[in-house]
Amino acid sequence: MRRALREYAFNKLRRSEAPPEVRTILSWIGRNSLPVSAREDTKHVDAVLHALDIRLDGDPSAASSVRRERRILNVAIRYAIRQKVLTINLLPKGKEEGAAPKVAEAVDKRSLLN
């Protein structure tokens, strides 16, 4: 699925060259994906933020991972706004509820060399 997206769906020059099995994968993704404009609905934004906060096994993600993924999501949303696909960015900012968790900046002394 990742290869189909990377090599064909996100590459305008190769979309028409996609083999039949890749076209099947891409059509399934199209049928099972929300349109980008659905990201303007707070219900969908909350679901995306919740998905960023947990790992696949259900445990909480590391704060640094959540911050990085939210930055990437914010850049993608700002790009969609510039391209006029979205009109607003509903991601929480600052110290609002649902904002990214803080990352510990302190170094654990036990991990340092003598």
What distance do [X] atom [atom1] and [Y] atom [atom2] have between them, rounded to the nearest 0.5 Å?
X	Y	atom1	atom2	answer
R68	S61	CZ	OG	9.5 Å
D41	D46	CG	CG	9.0 Å
L5	L26	CG	CG	6.0 Å
Y8	S16	OH	OG	10.5 Å
I77	L73	CD1	CG	4.0 Å

Side-chain donor/acceptor of D59 to backbone N/O of R55, under 3.5 Å
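No, the answer is negative, given that no donor and acceptor are paired below the 3.5 Å cut-off.
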Expected output: side-chain S27 to main-chain T24 donor-acceptor under 3.5 Å:
yes
Do you reckon Y79 sits in the same ILVMFWY cluster as I81, going by side-chain contacts under 4.5 Å, direct or chained?
no
Do you reckon V75 sits in the same ILVMFWY cluster as V85, going by side-chain contacts under 4.5 Å, direct or chained?
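Different clusters: V75 never reaches V85 through Ile, Leu, Val, Met, Phe, Trp or Tyr contacts under 4.5 Å.
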Neighbour count >12 (heavy atoms, 6.0 Å) for atom CG, L56
no
Full working for side chain to side chain contact (heavy atoms under 4.5 Å, CB included) between N74 and R71
CA-CA 5 Å; N74 201 12; R71 278 195 310 263; 5.6 Å; no
With sequence neighbours left out, the residues meeting salt bridge (charged side-chain N to carboxylate O under 4.0 Å, His left out) with E17 are R14
Measure across [X] and [Y] and return the closest heavy-atom pair with its distance rounded to 0.1 Å.
X	Y	result
R78	N89	CG-ND2, 4.3 Å
L49	R70	CD2-CZ, 3.9 Å
V22	A4	CG1-CB, 3.7 Å

